[in-house]
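Each remark here refers to the structure printed beneath this line.
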Amino acid sequence: MRAFRLLSCAFAIIFSPVGIAQEARNPRVEAVINSLSETRIHGTVARLVSFGTRHTLSETASESRGIGASRRYLAAEFSALSKLPDSRLQPFEDRFTAEPGPRIPKAVELINVGAILPGLDAARAKEAIVLTGHYDSRASSALDAASDAPGAVDDGSGTALTLELARAMAAEKPAVSVYFVAVAGEEQGLVGSTHLAKRLKAEGIRVLAMVSVDIAGNTEGQDGVKDNVHARLWSEGVGASETPEERRLRQALGNENDGAGREWARYVERTAKRYVENLDLLVMLRRDRIARGSDHMSFAAEGFPAICLREMHEHYDRQHQDVRTANGRSYGDDLAHFDAAYTTKLAKGLGAAIWQLSHAPQAPVNVTLGGAVSPDAKLRWTLPDDARATAIHLFRRRADSVAWQRIQRFPKTGALVLKDVPPDNEVFAVSTVDADGNESLPAYPSKLE
Ligand SMILES: [Zn+2]
């Protein structure tokens with residue numbers, strides 16, 4: 001009984017919601033995403049295609065063909081962005097030697113190139129958001145470094161989106177740093193992103209959210225569907241790095257649909273809906289497509305919330321195929337089938353989410369769920385030491401649903417009692433919000449009481 005009274009005390013404050021979550025658009029976010037240029041995105045992809053192949057093992061001496069020329073081009077582009085008026089970007093390079101492996105017959109130098117937009121909150125100097133596209137490409141054979149491999153959609157699209165978002169956000173002043181990185185060696189086994197994720201972890205960087213944009217520029221699917229409205233967000237529900245203790249708690253709390261990556265995917269979907277007309281992102285309840293992967297998996301393996309953004313309908317004749325015509329059918333990932341307007345629309349939705357999260361207060365931590373075997377759900381959490389947090393959003397959905405159904409706004413508080421809401425029947429998470437409506441990632445219960 002004593003324990004129960006203490007518990008009641010901890011949950012004593014009962015607030016009423018003061019409204020639904022703010023849906024107004026921030027003019028600053030609108031200005032940033034409206035500056036994204038379809039022409040520039042198309043130009044970047046055209047330039048990447050012009051290098052013939054960007055295979056990881058292709059030549060490095062030529063100025064016009066191969067992986068060396070393409071990465072020097074990208075490094076120069078990111079460097080130029082850092083010299084724009086008012087730009088706060090700092091060029092970034094992650095250079096290493098990949099040792100021989102299944103798709104790397106001999107040791108080869110790989111270089112991830114990009115830029116960092118430094119965060120301004122000194123207390124959060126080690127927190128970051130990471131956006132990647134992979135700039136390497138491949139032909140039919142994973143080891144063919146000589147044949148043309150234009151890689152317009154896979155993954156010129158993601159690389160161009162990353163570069164263009166870096167340009168659009170160059171002068172912004174987020175709370176936490178944003179890394180914009182064109183990563184190497186994806187087609188050889190996620191080699192570049194694996195190195196980058198491990199490097200950031202070793203540097204003590206806490207990646208709040210990572211997104212790989214990979215195959216995000218084709219709107220004519222092999223299934224015959226033309227679609228420039230939808231795209232897919234892939235995320236794992238159960239963290240790849242889950243410990244046995246975390247597993248025990250997840251099973252007790254029923255959290256299998258609320259991994260940190262999944263919350264980040266929902267965040268992107270929600271923010272994109274607010275800012276971009278005629279764009280509908282699907283939160284896919286899978287780590288990725290069947291038996292396939294991308295660079296988000298490298299970050300998930302290090303325990304970071306990581307997702308992948310992809311087009312809705314893929315065309316497999318244009319992926320990992322030698323450029324050729326056979327039996328009247330054309331193969332290859334050429335520029336003609338890249339839809340820059342669609343990639344630009346995806347950049348707007350994703351850019352709004354990255355902007356908002358990078359400017360948001362710290363999230364609550366130690367979210368604790370109580371009230372089992374009772375009619376009232378009891379939630380409490382530790383508020384961050386972040387003066388910008390002015391309110392709380394409570395996320396709710398019935399336990400038979402996978403998408404948040406209600407977002408209620410509360411005054412800044414560290415505890416809530418939900419009368420006549422049995423915790424068995426709903427799922428909850430809480431986020432912090434600042435005066436401008438910038439919202440942290442929702443934190444779901446990680447403790448039971
Ligand atoms: Zn790819």
Side-chain angles (χ1 to χ4, degrees), residues 41 44-45 48-49 51 53-58 67 70-71 74 98 102-104 110 112-114 130-145 147-163 180-197 210-219 221-222 231-235 284 286-301 306-323 331-335 337-339 342-343 346-347 350:
I41 285 179
T44 301
V45 173
L48 289 169
V49 168
F51 294 113
T53 178
R54 305 189 302 279
H55 191 277
T56 297
L57 303 163
S58 60
I67 192 72
S70 55
R71 69 194 178 202
L74 285 167
R103 290 188 179 179
I104 297 191
L110 265 65
N112 300 316
V113 294
V130 178
L131 165 65
T132 70
H134 72 84
Y135 69 91
D136 62 311
S137 66
R138 58 165 285 187
S140 293
S141 164
L143 294 176
D144 178 358
S147 298
D148 277 353
V153 170
D154 185 10
D155 185 31
S157 62
T159 304
L161 183 152
T162 300
L163 181 65
F180 303 90
V181 189
V183 291
E186 194 270 354
E187 303 290 7
Q188 309 313 115
L190 315 181
V191 183
S193 59
T194 297
H195 188 270
L196 179 61
M210 182 274 178
V211 52
S212 161
V213 182
D214 189 1
I215 309 184
N218 170 65
T219 47
Q222 192 156 354
R232 298 168 295 174
L233 293 163
W234 301 92
S235 65
M284 309 299 276
R286 287 176 164 167
R287 181 181 72 172
D288 205 333
R289 305 153 304 164
I290 304 301
R292 300 185 71 183
S294 183
D295 296 307
H296 60 306
M297 286 156 52
S298 305
F299 282 75
I307 64 175
C308 187
L309 173 61
R310 300 187 184 276
E311 66 205 25
M312 191 69 219
H313 298 271
E314 295 175 53
H315 201 304
Y316 309 102
D317 285 357
R318 300 181 195 138
Q319 294 177 13
H320 304 183
Q321 292 283 351
D322 291 339
V323 181
Y331 294 86
D333 189 0
D334 59 0
L335 187 63
H337 295 96
F338 167 62
D339 185 338
Y342 176 67
T343 303
L346 298 184
L350 183 58

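Whatever order the structure lists ligands and atoms in, that order sets their numbers, starting from 1.
In terms of heavy-atom proximity, N218 sits nearest to H337 at OD1-O, 3.8 Å.
A donor and an acceptor atom, one from each side chain of H315 and D333, are nowhere located under 3.5 Å apart. Side-chain polar atoms of S212 and S294 form a donor-acceptor pair below 3.5 angstrom.
Nearest to the Zn ion (ligand 1), among the N, O or S atoms that D214 has, is OD1. In terms of distance to the Zn ion (ligand 1), the nearest N, O or S atom of D154 is named OD1.
Taking the charged nitrogens against the carboxylate oxygens, E314 and R232 do have a contact shorter than 4.0 Å, which makes a salt bridge.
Within the coordination shell of the Zn ion (ligand 1), defined by N, O or S atoms under 2.8 Å, E187 is absent.
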